[in-house]
S.K.: 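Sharing a structure below in structure tokens format, with a few things to ask.
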Amino acid sequence: MDWSSARRKCNGVDFAGLLRKSWYHLRLSVRHPTRVPTWDAIVLTAASPEQAALYEWQLERAKRIGRIAKSTVTLAVPDPDGARIGSGAATLHAISALARHLIRVGLISPQLSNNKDENATASTNELTYDNEAQAIIELFAKWSILMLHAGGDSKRVPWANPMGKVFLPLPYLAADNPDGPVPLLFDHILAISSNARQAFKNEGGIFIMTGDVLPIFDASTIILPDDASCIITVPITVDIASNHGVVVASRNGVMNEIYSLSLVDNLLQKPSMEELIESEAILHDGRTLLDTGIIAIRGKAWVELAMLAYSSCHIVIQKLLGSRNEMSLYEDLVAAWVPAKHEWLKQRPLGKELVNALGGQKMFSYCAYGLSFLHFGTSSEVLDHLNGADSSLVGRRHLCYVPDTTVCDIAASAVILSSKISPGVSIGEDSLVYDSSLSGRIQIGSQSIVVGVNTEGACIETQDKMEFILPNRHCLWEVPLVGCMGTIIIYCGLQDNPKKSAEDDGTFCGKPWRKVLLDLGIQETDLWSSPDTKDKCLWTARIFPVLSPSKMLSLGMWLMGSRFFDCKDMISMWKSSRRVSLEELHCSIDFPRICEAARNHHADLASGIAKACMAYGLLGRDISQLCDEILQKDTSGTEICKKLLSLCPTLEAQNPGVLPRSRAYQVQVDLLRACRDDSAACTLEQKIWTAVANETASAVKFGSQDRIFDSGETNCKLNGNSNHENIIFQSRKVVVELPVRVDFVGGWSDTPPWSLERSGCVLNMAIKLEGSLPIRTEIETTEHTGILIIDDANNQLHIKDPGSICTPFDKDDHFRLVKSALLVSGIVHHKILMGSGIRIRTWADVPRGSGLGTSSILAAAVVKGLLSLMREDESNENVARIVLVLEQIMGTGGGWQDQIGGLYPGIKCTYSFPGQLLRLQVFPLVLSPQLVRHLEQRLLVVFTGQVDCSALTSLLLLQELVGTCIRCILYAFHHGFGPHNTSITTAALVRLSPLESKSGPSMVSNSPEISAVFWHLPRLGEITENWAFPITLKKACMVDVLFRGHRGRVKSSIPATLKKACMGLQMYLKRRSICFPAGESYLHTVASSRRAYDQNVVTSVRQQGKDVEGRSRTATQEPKKRLKGGKSPSRGQAPCRDFRSNWKERLRRRGAWALDRGRCDRSANGALAEVWVTVATAWMRPEQDFGMGIIEVRLANQVLQKVVTRYLRRDNMLISSIKRLAALAKMGREALMNGDIDEVGDIMQEAWRLHQELDPYCSNEFVDKLFAFADPYCVGYKLVGAGGGGFALLLAKDHCRAQELRRALENSPDLDVKTYNWSIFLG
């Protein structure tokens, strides 16, 4: 609609921004529905069972491509018997059908229900509340449901009739993902509506929309009143409102600059000016409220509607079918919530029943001032939306073959989607071609629409001599028919209204029917059998012949008048053929063949694109995504992927400067997975990371750095010199202290391989915490040879032979950072080690998982100190590039922004430029003292206390398995169960729950506690030797199971099988060094609740009592205490609360529980065996105390691997997100230079959205809660670094709001966070 685009422009509505934000929210809710709630069910209404089957296929497609969450229930509901019952009755029918579907699939398990009389004649208010209905209502009261009315026959858009108008192509933002499926109207509706889901909060409700309208507004701002219905409205001019529904809202209500919320006083349908004035429907500015067709119902209003639907839907439908009446949603059903309409409604069919059932609740009007909508009511409107004011959003070429411009004539403004265009085809301006294969001499006029047409058969039939002309402003589409092997080709004019009769100026192909009959020489009786003139329209005209493809196209040109033919021959062929009308076609479409044809067509297109990509070697397309489409083909999809895989050897022969090895390997991995060869794919994946490391080193190595890749030869030369005694010892000492960094925006554009292939830009800032520099290293020479490394936990490692340091490092080696620094600095080959040794001590006084770039900055400090010790180039630029190599050697990946942030003082904007030598340019921002003061006053640096939950959850679950398995084993033998006992022939793992009883968990086979059956009892000894899971266990907390018998020994009276299991377990733990030093009797099997996982509370608590050998613990054996935030008391930092001292209180407050002790005290033979189970919790700094069994969380590394993999796949959504982050960094620099801190907040906000687009797990419920709490005070916020927890930046609206927010955080009982004092480090 022109008025819609104009009003958006006048109101300053950012259509592209709103749509992108909605799509971001949709993708986030699908990828992480537990964090961002999505719809529990999506229901579509359909006109017939056949159309419903097509809709079901589309819904499954939407799930497959990531438009709908896997957990969402989807259902397409046809109208009963294909009869017209109205949108209101269709709503009730769809709700009832959803309830029956949930019962059928087992999501509702009612108890015994009363028998219902299907022939009941009681009125609809006489509801029966049986158990089944009660179960349904209880579920619906919690579920949020999206319903789309899509069951119309699309008479005004006839070419969309086969696919359903809601699924017509709408390629807005298609260029953001050129290898993805073509966006449909349905997809955009899902995106817009995903924001509305949060308005329902944790309560149930239904959100109803129409399938031919795309509303453009920020649905996240919707306010829904409790226990009521709410209709979404928008102010509109009176002339437009007179053709639509109008809502009369109360003058009293909540109003602001964004929306108004008021009770609905009245409803009007296509009112005249007099009715508008009489009903006081005209607003003060001369406009009125338009009914958008969007209705939200929640609370009691929703429960009553669901009860009516389930209990009385069949009665309502039977009465409507018997009386041939319809119940409208927008006239009848909603009128039940408006008291002023009750008297009118009672005169309507079933009106009294609606009032009795629903009339107790109210309806509100939510007026969204910025809302506009795109209506797809006619073919002209579809083209207008593709070529109008918002045409810049349209992807005009998407997943298509388009030949060279020298062999065809295709207008630049034409939109070609999922189509194959052969040479010789011409397509005019502003035309749409979708899902078609056009070959031969085909001419498509301007402003025309071609959908689902395949002319290859006609070309074969005419031996490539076929010609066809589609005139300007025409539509052409092809449809398979039921009971017919072939298809039928249909055509009409763009402006034709199939509902208009010939008497009422109806047209065909743009010409009045009278002229059509005259020009073609045919009679009315040839088209219509009905004598009623009102029935003589295009919808009922039997004008379309069913013949061979070439003949149908020839007759089409004759009927459209695009080419002159011998009229007698054409008339004879046309009259002798079988002909159908649009009405008959609507009932004869072969929907399964449509699905099959679309699936194969898309697979063939993807296959062709992938083959071209592989053959020409640049691999610029997302092969993984193309393979997903290829595999949808019936049986040959896997074979096609195998043929593509056979082309991979030629890729390895490519010049690495043109095709990086990492990209070539990733393509092979994706193809191997498509071919179901996961083992080979896993083997090849390691080559990807090796290639990335080599490419990074190649881009940054220079001078002495070459030696780190050939350490063996140089080590021999160094070690061969035996005249160390003649070298005079020189005492040298270097101390390096560095700040940490916080990043405003731009992260990920600094990370290889992105930074090796594309430019990057990051805006970050160096800061001090609590008045000091958190990162420190001391390096000094010693008279004793070798290298001694000490961390701030006093863990030590002495390396006698520096030449023994080599890559790759074990990921469990928490000294690998310093080892890598020794390699990349070249000191292991330096003469300084010939007559002396080195002592390196490091400190990192920041909490673990902080996101402040701690490891990279600490690496920079060590490298800088080593270079200074050797009197070599210790410039910041040199150190930054060396650390980039160090990150690859460590195996952690990472980019350059962390070390840049710590090495250079103040705020800086850093650019990277790819090339043979990676170039970095750092531009420090010269800020006024006033701006610095304002920034320090308004920006809060808050430690969330969170670390990445994904890193810990799997490890904690593994530990839980160990503990529960052991308890099951002991309990089984405690009760004398043997391998032949029928009640427990298998050992079962018990669901996570506190073990309160000493008698152990219930092992009855039908117990709800049992969640998985794993092993037969006779194989218990084998279990402990061949566990599948403990390989990863060494990365988690240590497991120490104490089997206590007489004097610490297992008594011989314990059954041999149990003894073998115990011994095997102890041998396994010992063999893998999963044990504590002598005298330490921790139990580190973790038993923690899901809440504890989410909070990542992992506390290490010492068991009271004596160790295995009975020795009492001494005070010296107590572990060194750590303060909250990972601070060491010896560093002299500001005191914090001791985290360990009140760990139980914190666990309890966070909803966690700890199982302190699980016992199986006595066996049947009197032996004593105890299994101690404790929640092991630690609050440690990164890379510290790993030898003591603390889990090292390297969130940045895990997220980096996912992001790098997506980039190597050429994931277009990721690429566009990182490009935007780099662009935002430049904008942020300008904003700071201009002193506009508020704009910096907006940039931070968008950057945070993009980070979640890259990885939805970079946040969690606690962080979301923190940001929601801070939102009223702030202009922007984000987590620093990769996210997942750590530190958050909260930019307040002003100094006063910053102080208020700080006090609110300190006083909040729900947010256990620490706000740090900080300042910009200016050098």
S.K.: Carefully, step by step, assess Ile907 and Asn764 under the rule side chain to side chain contact (heavy atoms under 4.5 Å, CB included).
M.R.: CA-CA 6 Å; Ile907 304 177; Asn764 62 19; over 6 Å; no
S.K.: Looking at Ser820, Ser855, Ser856, which one forms a side chain to side chain contact (heavy atoms under 4.5 Å, CB included) with Leu886?
M.R.: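 So the option named by the test is Ser820.
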S.K.: Let's go through Val942 and Leu1305 carefully: what are the C-alpha distance in whole Å and the side-chain angles of both, what is the deciding distance for side chain to side chain contact (heavy atoms under 4.5 Å, CB included) to 0.1 Å, and is it a yes or a no?
M.R.: CA-CA 9 Å; Val942 178; Leu1305 289 173; 4.1 Å; yes
S.K.: For Val745, does its backbone N or O pair with a side-chain atom of Asp743 as donor and acceptor, under 3.5 Å?
M.R.: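 Here the side-chain-to-backbone pair does not exist.
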S.K.: Is there a side-chain contact between Asn878 and Leu867, using heavy atoms and a 4.5 Å cut-off?
M.R.: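 Yes, side chains in contact.
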S.K.: Indicate yes or no: does Glu877 engage Arg881 in a salt bridge with an N to O separation below 4.0 Å.
M.R.: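 The answer is yes: the pair qualifies as a salt bridge.
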S.K.: Please determine if Asp14 and Arg20 form a salt bridge, counting it only when a charged side-chain N lies under 4.0 Å from a carboxylate O.
M.R.: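 Salt bridge: no.
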S.K.: Any side-chain donor paired with an acceptor under 3.5 Å for Asp1310 and Ser1308?
M.R.: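 Not at all, the side chains of Asp1310 and Ser1308 share no donor-acceptor pair under 3.5 Å.
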S.K.: Is a side-chain N or O of Arg1297 found less than 3.5 angstrom from the main chain of Pro1272, in a donor-acceptor match?
M.R.: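 Answer holds: yes.
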S.K.: Once you round to the nearest 0.5 Å, how far does CG of Leu1289 lie from CG of Leu1279?
M.R.: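 Interatomic distance, Leu1289 CG to Leu1279 CG, rounded to 0.5 Å: 8.5 Å.
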S.K.: On a heavy-atom basis, which atom in Ile900 and which in Ala880 lie closest, and how many Å separate them?
M.R.: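 The answer is CD1-CB, 3.7 Å.
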S.K.: Report yes if the distance between the aromatic ring centroids of Trp1248 and Phe1267 is under 6.0 Å, otherwise no.
M.R.: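 Yes; Phe1267 has its ring centre under 6.0 Å from that of Trp1248.
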S.K.: Parallel under 30°, tilted from 30 to 60°, perpendicular over 60°: which one fits the rings of Phe943 and Tyr1316?
M.R.: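 Perpendicular, since the angle between the ring planes exceeds 60°.
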S.K.: Checking Ser1217 side chain against Met1213 main chain: does a donor-acceptor pair fall under 3.5 Å?
M.R.: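 Yes, the answer is positive, given that a donor and an acceptor are paired below the 3.5 Å cut-off.
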S.K.: Using a 4.5 Å cut-off on heavy atoms from C-beta on, say whether the side chain of Val740 contacts that of Val742.
M.R.: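 A side-chain contact is absent here, since even the closest heavy-atom pair is not under 4.5 Å.
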S.K.: Sub-3.5 Å donor-acceptor pair from the side chain of Ser912 to the main-chain atoms of Gly760, do we have one?
M.R.: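 Present.
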S.K.: Without swapping roles, check the side chain of Ser749 against the backbone of Cys761 for a donor-acceptor pair under 3.5 Å.
M.R.: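 Judged by distance alone, yes, a pair lies under 3.5 Å.
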S.K.: List the steps, then state whether side-chain hydrogen bond (donor to acceptor under 3.5 Å, both in side chains) holds for Asn794 with Arg841.
M.R.: CA-CA 9 Å; Asn794 283 323; Arg841 185 155 192 172; 2.9 Å; yes
S.K.: With distance as the sole test, does Asp898 use its side chain to make a donor-acceptor pair with the main-chain N or O of Ile857 at under 3.5 Å?
M.R.: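 No; zero donor-acceptor contacts below 3.5 Å.
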S.K.: Please check: side-chain N/O of Asn1234 versus main-chain N/O of Glu1230, any donor-acceptor pairing under 3.5 Å?
M.R.: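 The answer is yes, because a donor-acceptor pair under 3.5 Å joins these two groups.
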S.K.: Determine yes or no for a side-chain-to-main-chain donor-acceptor pair under 3.5 angstrom, with Asp750 supplying the side chain and Trp896 the backbone.
M.R.: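 Yes.
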S.K.: Answer yes or no: is there an ion pair linking Lys1293 with Asp1238, defined by an N-O contact shorter than 4.0 Å?
M.R.: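 The answer is no: the pair does not qualify as a salt bridge.
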S.K.: To the nearest 0.5 Å, tell me how far Glu936 CD sits from Met765 CE.
M.R.: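 Glu936 atom CD to Met765 atom CE measures 8.0 Å (nearest 0.5 Å).
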S.K.: Near Asn1307 CG, under 6.0 Å, is it more than 12 heavy atoms from other residues, nucleotides or ligands?
M.R.: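 Atom CG in Asn1307 is packed in, count exceeds 12.
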S.K.: Minimum heavy-atom separation for Ala1292 and Val1275, please, with both atom names.
M.R.: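 The answer is O-CG2, 4.1 Å.
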S.K.: Where is the tightest heavy-atom contact between Ala1247 and Leu1224, given as atom of each residue plus distance?
M.R.: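 In this case the closest contact between Ala1247 and Leu1224 is N-CD1, 4.1 Å.
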S.K.: So, taking the atom named NZ in Lys1278 and the one named NE2 in His1251, what distance separates them when rounded to the nearest 0.5 Å?
M.R.: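 Rounded to the nearest 0.5 Å, the NZ-NE2 separation comes to 4.5 Å.
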S.K.: After noting the C-alpha distance and the side-chain angles of Ser22 and Asn195, does the key distance pass the side-chain hydrogen bond (donor to acceptor under 3.5 Å, both in side chains) rule?
M.R.: CA-CA 6 Å; Ser22 299; Asn195 280 308; 3.1 Å; yes
S.K.: Does Thr777 reach the side chain of Val735, with side-chain heavy atoms less than 4.5 Å apart?
M.R.: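 No. Closest side-chain heavy atoms not under 4.5 Å.
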S.K.: Rounded to the nearest 0.5 Å, what's the gap from CZ on Arg919 to OG on Ser759? Could you check?
M.R.: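 The CZ atom of Arg919 sits 10.5 Å away from the OG atom of Ser759.
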S.K.: Between Ile775 and Glu737, does a side chain to side chain contact (heavy atoms under 4.5 Å, CB included) hold up when you go through it step by step?
M.R.: CA-CA 6 Å; Ile775 307 300; Glu737 289 187 311; over 6 Å; no
S.K.: What is the minimum heavy-atom distance between Leu903 and Lys864, and which atoms define it?
M.R.: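 That would be CD2-CD, 4.2 Å.
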S.K.: Walk me through it: do Thr842 and Asp792 pass the test side chain to side chain contact (heavy atoms under 4.5 Å, CB included)?
M.R.: CA-CA 6 Å; Thr842 60; Asp792 54 357; 5.7 Å; no
S.K.: Measure the spacing between OH of Tyr1277 and CG of Leu1290 and express it to the nearest 0.5 Å.
M.R.: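 Result: 9.5 Å between the selected atoms.
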S.K.: With a 4.5 Å limit on heavy-atom distance, are the side chains of Asp791 and His814 in contact?
M.R.: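 Contact flag for Asp791/His814 side chains = yes.
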S.K.: Could you check whether any side-chain N or O of Ser772 sits under 3.5 Å from a backbone N or O of Pro774, counting only pairs where one atom can act as donor and the other as acceptor?
M.R.: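 A pair under 3.5 Å: no.
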S.K.: Is there a side-chain hydrogen bond (donor to acceptor under 3.5 Å, both in side chains) between Asp1264 and Ser1259 once you walk through the steps?
M.R.: CA-CA 7 Å; Asp1264 293 341; Ser1259 185; 3.0 Å; yes
S.K.: Just do the side-chain hydrogen bond (donor to acceptor under 3.5 Å, both in side chains) check on Gln1252 and Tyr1257 with the steps written out, would you?
M.R.: CA-CA 7 Å; Gln1252 293 176 88; Tyr1257 293 90; over 6 Å; no
S.K.: Does any non-hydrogen side-chain atom of Leu769 lie less than 4.5 Å from one of Val846?
M.R.: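 They are in side-chain contact.
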S.K.: For the pair Arg776 and Glu778, find out whether any cationic side-chain nitrogen is under 4.0 Å from an anionic carboxylate oxygen.
M.R.: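 Glu778 and Arg776: salt-bridged.
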S.K.: Quick one, Ile767 and Ser1319 - any side-chain contact, counting heavy atoms below 4.5 Å?
M.R.: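 Not touching, per the 4.5 Å side-chain cut-off.
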S.K.: Does the pair Asp1294/Arg938 count as a salt bridge with the N-to-O cut at 4.0 Å?
M.R.: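 No, Asp1294 and Arg938 are not salt-bridged.
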S.K.: Does the Trp1318 side chain pair with the main chain of Gly771, one donor and one acceptor, at a distance under 3.5 Å?
M.R.: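 Here the side-chain-to-backbone pair does not exist.
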S.K.: How far does CD of Gln899 sit from OH of Tyr904, to the nearest 0.5 angstrom?
M.R.: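 The OH atom of Tyr904 is 10.5 Å from CD of Gln899, to the nearest 0.5 Å.
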S.K.: For Gln1201 and Arg1206, does a side-chain donor sit closer than 3.5 Å to a side-chain acceptor?
M.R.: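 No, because no side-chain N or O of Gln1201 sits under 3.5 Å from a partner of the opposite role on Arg1206.
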S.K.: Is any side-chain heavy atom of His25 less than 4.5 Å from a side-chain heavy atom of Val36?
M.R.: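 A side-chain contact under 4.5 Å exists here.
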S.K.: Does Arg27 pair with Glu1253 as a salt bridge, N-O distance under 4.0 Å?
M.R.: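 A salt bridge is present here (some side-chain N lies under 4.0 Å from a carboxylate O).
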S.K.: For the residue pair Phe923 and Tyr911, categorise the inter-ring angle as parallel (less than 30°), tilted (30 to 60°) or perpendicular (more than 60°).
M.R.: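 The arrangement is perpendicular - the two ring planes meet at more than 60°.
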S.K.: Strictly by modelled atom types, are Tyr1273 and Arg1302 linked by a side-chain donor-acceptor pair under 3.5 Å?
M.R.: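 The answer is no; no qualifying pair exists.
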S.K.: For the residue pair Leu1250 and Arg1220, what are the closest heavy atoms and their distance?
M.R.: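 Answer, listing the atom of Leu1250 first, then Arg1220: CD1-CG, 3.4 Å.
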S.K.: So which heavy atom on Arg1229 is nearest to which on Leu763, and how close?
M.R.: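 In this case the closest contact between Arg1229 and Leu763 is N-CD2, 3.8 Å.
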S.K.: If we only count heavy atoms from C-beta on, is the Val1313 to Phe1262 side-chain gap below 4.5 Å?
M.R.: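 Touching, per the 4.5 Å side-chain cut-off.
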